[in-house]
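Worksheet for the structure shown next.
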Amino acid sequence: MAKAAKPDDQIFALRMARSAPDLWPMLEQLYGQHPNYNHFCTDLRAALADGWKARPTDLKLLDLKRDLEPDWFQCADMAGYVFYIDRFAGNLRGVLDHLDYLEDLGITYVHFMPCLKPRPGDSDGGYAVMDYRSINPAYGTLDDFKAVSTELRKRGISLCIDLVLNHTAKEHDWAQAAAQGDKAAQDLYWMFDTPDLPQAYSKTLVEVFPDNAPGNFTHYPDFGKWVWTTFNEHQWDLNWSNPQVFLEITRIMLHLANTGVDVLRLDAVAFMWKRLGTRCQSEPEVHMLLQALRACCRITAPAVIHLEEAIVSPQEMLPYFGRGKHDGREGNLAYHNSLMVQFWSALATRDTSLMTHVLASHFPDRLTNATYATYIRCHDDIGWAVTDEDASAVGISGPAHRRFLSDFYEGTFPGSFARGAPFQVNEATGDKRISGSFASLAGLEATDEHDREMAVQRMLMGHALIAAFGGIPLIYMGDELALLNDHSYLNDPAHAHDSRWIHRPRMDWALADARHSGNSLSSQCFLGTQHILARRRATPGLHGAHPTQIVQTGNPALFAVQRAAPTGPILCLFNFSHHWQHVAGGWLQGHGITHWHDALSDQIVTLHGDYLALPPYARVWLT
């Protein structure tokens, strides 16, 4: 009599069968002609099974829970907080001391900025990883990490960490072996014996960091190779056309999943596939790879979702959610970079025409099994992703508008309220990206008290926008306390060349301790942000799967978005100007507003002469 399969084995077999159509056809297209393809498939099956066997019991229970609630990450109670561990709490054990603070703010998702072991010295902010299975020793140990992930899970807080897919540090074991002449290790990277192919590829490539790391290849005379280094000399691009890279990264991915990670932020995904004569960005094979990696997680660790980091144009970004044959099968989250850029653009111009055009024209009202990560600021600079075509559609010049935004947020444009710092200035093209904290870019460095109060209102409007738009709102550490630019980075030789450190301050726990006083603008910002997240939790209609529809207001000072919830529409209005604005009651009724209830303030709104009056930088969520 045949021995009955164990329940665990049966569950694994069911999940393998469920995701097999998403996995093997992608791998066949990518690697079917590779001489080691059959051996690779056998090894991959074994890696998936090994990952499942090693998965802790409590995480297997979480897998089941999220299989039963597949929209868990789209619910209105999701709110994120992003920080560098050392800047927030010193180390991982220190994070445990501040979880009450996160709960007080209303956070249910935290993103630890790069925390895997980086190369020594300049590590591109931690994105040059030399060991994917170890924690940065400055933060603690893997056991410390597991202790924090366990405590977060107990509190209902999901944990996101970075997994860099395009490259490793040159100090990684694979790279070290490659430098010593190991052929199999060299095949994990893009290496060339002569400069001919690097020169041919370079004709169509763009430079990511032209100031600090010009070019895309580095020659190493000591071992006679030209190595593809898209980002920095110390970051070697992986060769994803080699199936062994897919296998090794899958093993790493499942190892990280089994430490208690809920969200893997897949970094630099656009660059993963190389094709001569192209930019080597967002090639079709990238989406095959990402669908296959997602399928591997759904088989072995289905509680884990993927956030795909691709800061590209709307047309190029949407496929990272899965479009066409990948629909619903690729990333669960992607950054809504356009919403962020358009917020700052409209804030500078006091005109939402471009914002309304871009968000209405280029984005669907809903996504399949996916949602946005919405944000106003992050650890990175702001690049003005405004196309000439979109600018022209609203009657402005693309180059002129991009220059205006850079000058405005650097603080050099007459009348600007912002105080930022330029990043990666390209004198040839005039391109100038901007660094700066949310508070400083919003005007909180002003000396006039009224202007400072207006800055807080701009910040709270931004938080209300990302909380209502659809997706998971992400707050960058310190923005809830209105932390200003930190110029001390200029005194650190490791940071002085990179103005992005101006908006990566250390947490001010003295300000945090006084957050409930209401006696300072910092406290008012915290309490306002806390209230916004509480009201989001209390408004199920903001679920990420409900359609997000951009509404034409006829007033360029106002931006309107309607969430089409089954229980009735929620019309969210935002005044981007420093003047009072008015909206006709008839117009509101025409968009389904009948109860005159503002879900954000949880108050009944009163019309004045059949008009809703909106003060400067007002925000309302009308039902």
Donor + acceptor pair across side chains of Ser282, Tyr320 (<3.5 Å): yes
Between Val304 and Leu254, is the side-chain contact (heavy atoms from CB on, under 4.5 Å) condition met? List the steps. CA-CA 10 Å; Val304 176; Leu254 299 180; over 6 Å; no
Using a distance-only test with no angle check, is there a side-chain donor-acceptor pair under 3.5 angstrom linking Asp365 and Thr548? no
Aromatic plane relationship, Phe112 with Phe83 - under 30° parallel, 30 to 60° tilted, over 60° perpendicular: tilted
Can you tell me if Thr141 uses its side chain to pair, donor with acceptor, with the backbone of Asp144 under 3.5 Å? yes
Taking the six-membered ring for Trp, are His167 and Tyr127 closer than 6.0 Å centroid to centroid? no
Between Asp8 and Lys6, does any side-chain N to carboxylate O distance fall below 4.0 Å? no
Determine whether a donor-acceptor pair (N or O, by modelled atom type, separation under 3.5 Å) exists between the side chain of Arg323 and the backbone of Leu318. no
Test Tyr84 against Met507 for side-chain contact (heavy atoms from CB on, under 4.5 Å), laying out the working first. CA-CA 10 Å; Tyr84 288 91; Met507 187 63 166; over 6 Å; no
Trace of the side-chain contact (heavy atoms from CB on, under 4.5 Å) decision for Lys117 with Val129: CA-CA 6 Å; Lys117 187 176 180 180; Val129 178; 5.7 Å; no
Check each of Tyr476, Phe438, Phe469, Phe526 against His463 using the ring pair (Phe, Tyr, Trp, His ring centres under 6.0 Å) test, and report the only one that passes. Phe438
Hey, is Arg377 close enough to Asp479 for a salt bridge, meaning N to O under 4.0 Å? no
Step through it carefully: locate the ring centre of Tyr372, locate the ring centre of Phe321, and say whether they are under 6.0 Å apart. yes
Polar side chain donor-acceptor pair, Gln235 to Asp124, under 3.5 angstrom: yes
Sorted by chain and number, sequence neighbours left out, ring-ring contact (aromatic ring centres under 6.0 Å, His included) with His34 holds for none
Just by distance, do the side chain of Trp240 and the backbone of Phe271 share a donor-acceptor pair under 3.5 Å? no
Counting only N and O atoms by type, is there a donor-acceptor contact under 3.5 Å from the side chain of Arg66 to the main-chain atoms of Ala303? yes
When rounded to the nearest 0.5 Å, the distance separating CZ of Arg265 from CD1 of Ile305 is 14.0 Å
For Ser123, does its backbone N or O pair with a side-chain atom of His234 as donor and acceptor, under 3.5 Å? no
His336: which of Phe363, Phe343, Tyr375 passes ring pair (Phe, Tyr, Trp, His ring centres under 6.0 Å): Phe363
Side-chain donor/acceptor of Glu283 to backbone N/O of Trp273, under 3.5 Å: no
Should the pair Tyr101 and Phe88 be assigned to parallel (<30°), tilted (30 to 60°) or perpendicular (>60°) ring geometry? tilted
Test item: side-chain donor near acceptor, Glu480 and Tyr81, under 3.5 Å: yes
Distance from Leu339 atom CG to Ile466 atom CD1, nearest 0.5 Å? 8.0 Å
Is any side-chain N of the basic residue among Arg504 and Asp486 closer than 4.0 Å to the acidic one's carboxylate O? no
How long is the straight-line distance from CG of Leu264 back to CG of Leu165, given to the nearest 0.5 Å? 9.0 Å
Glu330 with Arg294: basic N within carboxylate O range, under 4.0 Å: no
Go through Arg153 and Asp262 one step at a time and tell me if the salt bridge (charged side-chain N to carboxylate O under 4.0 Å, His left out) criterion holds. CA-CA 9 Å; Arg153 194 156 54 253; Asp262 300 275; 5.5 Å; no
Exceeds 12 heavy-atom contacts within 6.0 angstrom, atom NE2 of His39: no
Which distance, rounded to the nearest 0.5 Å, do you find between the CD of Gln74 and the CD of Glu69? 12.5 Å
How long is the straight-line distance from CZ of Phe145 back to OH of Tyr139, given to the nearest 0.5 Å? 12.5 Å
With rounding to the nearest 0.5 Å, note down the distance linking CG in Asp43 to CZ in Phe40. 8.5 Å
Assess whether a salt bridge exists between Arg536 and Asp77, defined as any Lys/Arg side-chain N lying under 4.0 Å from an Asp/Glu carboxylate O. no
Would you check, one step at a time, whether the test side-chain contact (heavy atoms from CB on, under 4.5 Å) holds for Tyr31 with Met26? CA-CA 9 Å; Tyr31 304 123; Met26 296 297 100; over 6 Å; no
Donor-acceptor contact below 3.5 Å, side chain Ser149 vs main chain Thr259: yes
Answer yes or no: is there a donor N or O on one side and an acceptor on the other, between the side chain of Arg563 and the main chain of His546, under 3.5 Å? yes
Ring-face cation of Arg45 near Trp24 (centre distance under 6.0 Å, axis angle within 45°): yes
Side-chain (Tyr189) to main-chain (Ala175) donor-acceptor, under 3.5 angstrom: yes
Between His172 and Trp236, is a ring-ring contact (aromatic ring centres under 6.0 Å, His included) present by the stated rule, with each step listed? CA-CA 9 Å; His172 192 284; Trp236 290 7; over 10 Å; no
Kindly say whether Ala257 contributes a backbone atom to a donor-acceptor pair with the side chain of Arg55 at under 3.5 angstrom? yes
